[in-house]
Amino acid sequence: MSLTLYNTLTRRKETFEPIDPARVRMYVCGPTVYDYAHIGNARPVIVFDLLFRLLRHHYGAAHVTYARNITDVDDKINARAAADYPDLPLNEAIRRVTSATEKQFHDDIAALGVLPPTVEPRATEHIEEMKRLCEALVTRGHAYVAQGHVLFDVSSMPDYGRLSNRSLEEMEAGARVEVAPYKKGPMDFVLWKPSKPGEPAWPSPCGIAEPGRPGWHIECSAMSEKHLGPIFDIHGGGIDLVFPHHENEIAQSRCAHGTPVMARVWMHNGFLQVEGEKMSKSLGNFITIHELLETRKFGASPWHGRVVRLAMLGTHYRQPIDWTAERLLQARATLLDFADLIASAEPAAAPNADVIAALSDDLNTPSALSIVHGLAKSARRNPEAAGELRATLEFMGLYGGETRSDLNVGVESVNVDAAQIEALVAARLAARKAKDFKESDRIRDELAALGVSLKDAKDPKSGEIITTWEVAR
RNA sequence: GGCCACGUGGCGGAGUGGUGACGCAGCGGACUGCAAAUCCGCGUACCCCGGUUCAAUUCCGGGCGUGGCCUCCA
């Protein structure tokens, strides 16, 4: 079965053909660890986790390498560290910020059913590789040194701007920022820059005497090369990274290695809005993954990670998505329904083939979920279908053994005394048998007031009425 | 200002040059003492205006709306 992916480079869907099927390689831009990851950050993490799972399905788990980096050197980290730990030396403060944030990130996304990537490189552990890239770019005439900076010379690359589909002339005409005086061209960007006293600093490359630190884009070029090679299969991230980040990554890697492409397929997930508005701290609708999972800040309830994941996958990854409490509510109702169907099912050996086919068409999750609903329908009758439903949900990361009450995390629930309920249910059944429907309805109302709802069913063999109950809320 | 996405029924959301995916909600029916659950059935939806075509929601052009990037925010 073939896999089709939309490639930002060519602006169309293409049949995916790995460079080496025995080692399929994907790189995705990970978080900058200075604060809780927000719900917009969660989108690429979930989307590319699903692609990782699909690639493993197609090529074998041992034949896929997925690298997702941690950016732990950045001005925002420095600022945060100085603000949070004013009494500590900056480097110690930075270490505290990055390690705590990294742990938080891992906890958050594990709850979303995200598998660990094959490698998770950190920027600070690849400084030497970045410096070597700087040296190579200067040697090859694609970069120059000016006032302690190493700068990429965009005029040295004829097809700079191909990914974002914009020409140098357009960019310069539209530029609204003041150009630093040491730049040769206005679009030239920083590969390495001097550090101020107290800031993280490393010995500089390219004969620069003063210590410095890397620019933003260079880390991904260095880490992807080290872990995946100079040319690899898939590079992913949010659509807002297309320019300048990915464009500059491409420029650095291709010019340093003299290669025609960096990654063959570039994939970008669409942007996320919250309740119809851009998410921003000033609008007060900024929502972190942590808050979604652990607090009642959004939609008056905490939300189970699988619910968040389903809500995210309900929209195709390239479409814009409007993050609302309503869609979380719907996702939870769906998962609750599935949980009942598969709790006791023996998982099938493989996920449903039609679901795989839908996902293999550029990760068409809405279409895949439509097939999943069909599976759920059969599962009400057929235990085998229930097993297939279970295997499929597990494959998509939408089921990990959660019970109803797990999924209903934080939902106001009445404390029920099971023995008391059972007694009332039995009393109602007795009243029904005696055709005392007034009394049986009274008991049902009494149970409803306790938050317990009843389902009557006939035993198919004996014809006896069997009543099951559950806490509705 | 430049570049780029998106606009589908009450809501969410695929897809397609010609028989209206799927989910939620709603309506009708079956089942039930009545319900719940379940099952069956039900919707003249494709932002506006032109154009191409035998035929456009789907292609092209224009407009409007929303959003993204051009300022190290996924």
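We use all heavy atoms of the structure for the numbers below, so side chains are in, but hydrogens, waters and symmetry mates are not. Proteins come first, then strands; the chains are lettered A, B, ... in the order of their sequence lines, and each starts at number 1.
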Next on the checklist: Between E102(A) and R122(A), does any NZ, NE, NH1 or NH2 come within less than 4.0 Å of an OD or OE carboxylate oxygen?
Outcome noted: yes
Item to check | Separation of the P atoms in C22(B) and U32(B), to the nearest angstrom | outcome: 29 Å
Checklist entry - What is the minimum heavy-atom distance between I287(A) and F298(A), and which atoms define it? => result CD1-CB, 3.5 Å
Next on the checklist: In whole Å, measure the gap between the C1' atoms of G13(B) and U53(B) for me.
Outcome noted: 30 Å
Item to check | Options C72(B), G33(B), G23(B), nucleotide nearest the side-chain atoms of D75(A) | outcome: C72(B)
Checklist entry - So which nucleotide from C72(B), C34(B), C69(B) ends up closest to the side chain of F243(A)? => result C69(B)
Checklist entry - So which nucleotide does G26(B) pair with, by the Watson-Crick or G-U wobble rule with both distances under 3.5 Å? => result C42(B)
Checklist entry - Nearest-Å distance, CZ (F437(A)) to C1' (C34(B))? => result 8 Å
Item to check | Whole-Å gap separating P (G13(B)) and CD1 (I371(A)) | outcome: 19 Å
Item to check | Heavy-atom pair with the smallest gap, counting every atom of L454(A) and V425(A) | outcome: CD2-CG2, 4.0 Å
Checklist entry - Of the nucleotides A14(B), U66(B), A74(B), which has the atom closest to the Q273(A) side chain? => result U66(B)
Checklist outcome for this item: Picking from A35(B), G67(B), A37(B), the nucleotide nearest the side-chain atoms of K455(A) would be A37(B)
Checklist entry - Which nucleotide in the set G33(B), A74(B), A14(B) lies at the smallest distance from any side-chain heavy atom of H38(A)? => result A74(B)
Item to check | For U32(B), the Watson-Crick or wobble partner whose two distances fall under 3.5 Å | outcome: none
Checklist entry - Is D436(A) salt-bridged to R442(A), cutoff N-O under 4.0 Å? => result no
Checklist entry - Is the shortest side-chain N/O distance from N364(A) to OP1 or OP2 of G15(B) below 4.0 Å? => result yes
Checklist entry - Whole Å only: how far is the CH2 atom of W216(A) from the C1' atom of C72(B)? => result 5 Å
Checklist entry - Can you find an N or O donor on one side and an acceptor on the other, under 3.5 Å apart, linking the side chain of D456(A) with the base of A35(B)? => result yes
Checklist entry - Out of C70(B), U38(B), G68(B), which nucleotide sits closest to the side chain of R166(A)? => result C70(B)
Item to check | Inter-nucleotide P distance (G23(B), A56(B)), Å rounded | outcome: 30 Å
Checklist entry - Watson-Crick or G-U wobble partner for G65(B), using a 3.5 Å limit on both distances? => result C6(B)
Checklist entry - Atom CZ of R432(A) and atom C1' of A36(B): how far apart are they, to the nearest Å? => result 11 Å
Checklist entry - Any ion pair linking R327(A) and D322(A) (charged N to carboxylate O, less than 4.0 Å)? => result no
Item to check | Selected nucleotide, minimal atom distance to R381(A) side chain, candidates G23(B), A35(B), C39(B) | outcome: C39(B)
Next on the checklist: Check the orientation of H246(A) and H268(A). Use parallel for under 30°, tilted for 30 to 60°, and perpendicular for over 60°.
Outcome noted: tilted
Item to check | Contact under 4.0 Å: K377(A) side-chain N or O vs C40(B) OP1/OP2 | outcome: yes
Next on the checklist: Does a side-chain N or O of R327(A) approach OP1 or OP2 of C11(B) to a distance below 4.0 Å, or not?
Outcome noted: no
Checklist entry - In residues 303-319 of chain A, which residues come under 4.0 Å of RNA chain B by heavy atom? => result G314(A), T315(A), H316(A), Q319(A)
Checklist entry - Hey, does the Lys NZ or Arg CZ of R432(A) hover above the aromatic six-ring of F437(A), less than 6.0 Å from the centre and inside 45° of the axis? => result no
Item to check | Whole-Å P distance, U44(B) and A21(B) | outcome: 12 Å
Checklist outcome for this item: Per nearest nucleotide of RNA chain B, the residue lying toward the 5' end, T324(A) or R444(A), is T324(A)
Validation: residues 367-381 of chain A side-chain donor-acceptor distances under 3.5 Å, sequence neighbours left out:
from, atom 1, to, atom 2, distance (Å)
S378(A), OG, G374(A), O, 3.1
R380(A), NH2, D337(A), OD2, 3.0

Item to check | Any-strand Watson-Crick or G-U partner of U58(B), both distances under 3.5 Å | outcome: none
Next on the checklist: From CG of L363(A) over to C1' of G15(B), roughly how many Å is that when rounded to an integer?
Outcome noted: 17 Å
Checklist entry - Rounding to the closest angstrom, what is the interatomic distance between G7(B) and U16(B) at atom P? => result 13 Å
Checklist entry - Taking the side chain of S370(A) as heavy atoms from C-beta outward, which of C11(B), C6(B), C22(B) is closest to it? => result C22(B)
Item to check | Q330(A), nearest nucleotide to its side chain (from A74(B), A14(B), C24(B)) | outcome: C24(B)
Item to check | Span that lies between the C1' atom of C46(B) and that of U58(B), in whole angstrom | outcome: 9 Å
Checklist entry - Salt bridge or not for R428(A) and D441(A), using N-O below 4.0 Å? => result no
Checklist outcome for this item: The nucleotide from G23(B), C69(B), G33(B) with an atom nearest the side chain of T334(A) is G23(B)
Checklist outcome for this item: Between CG of N269(A) and P of G67(B) the distance, given in whole Å, is 19 Å
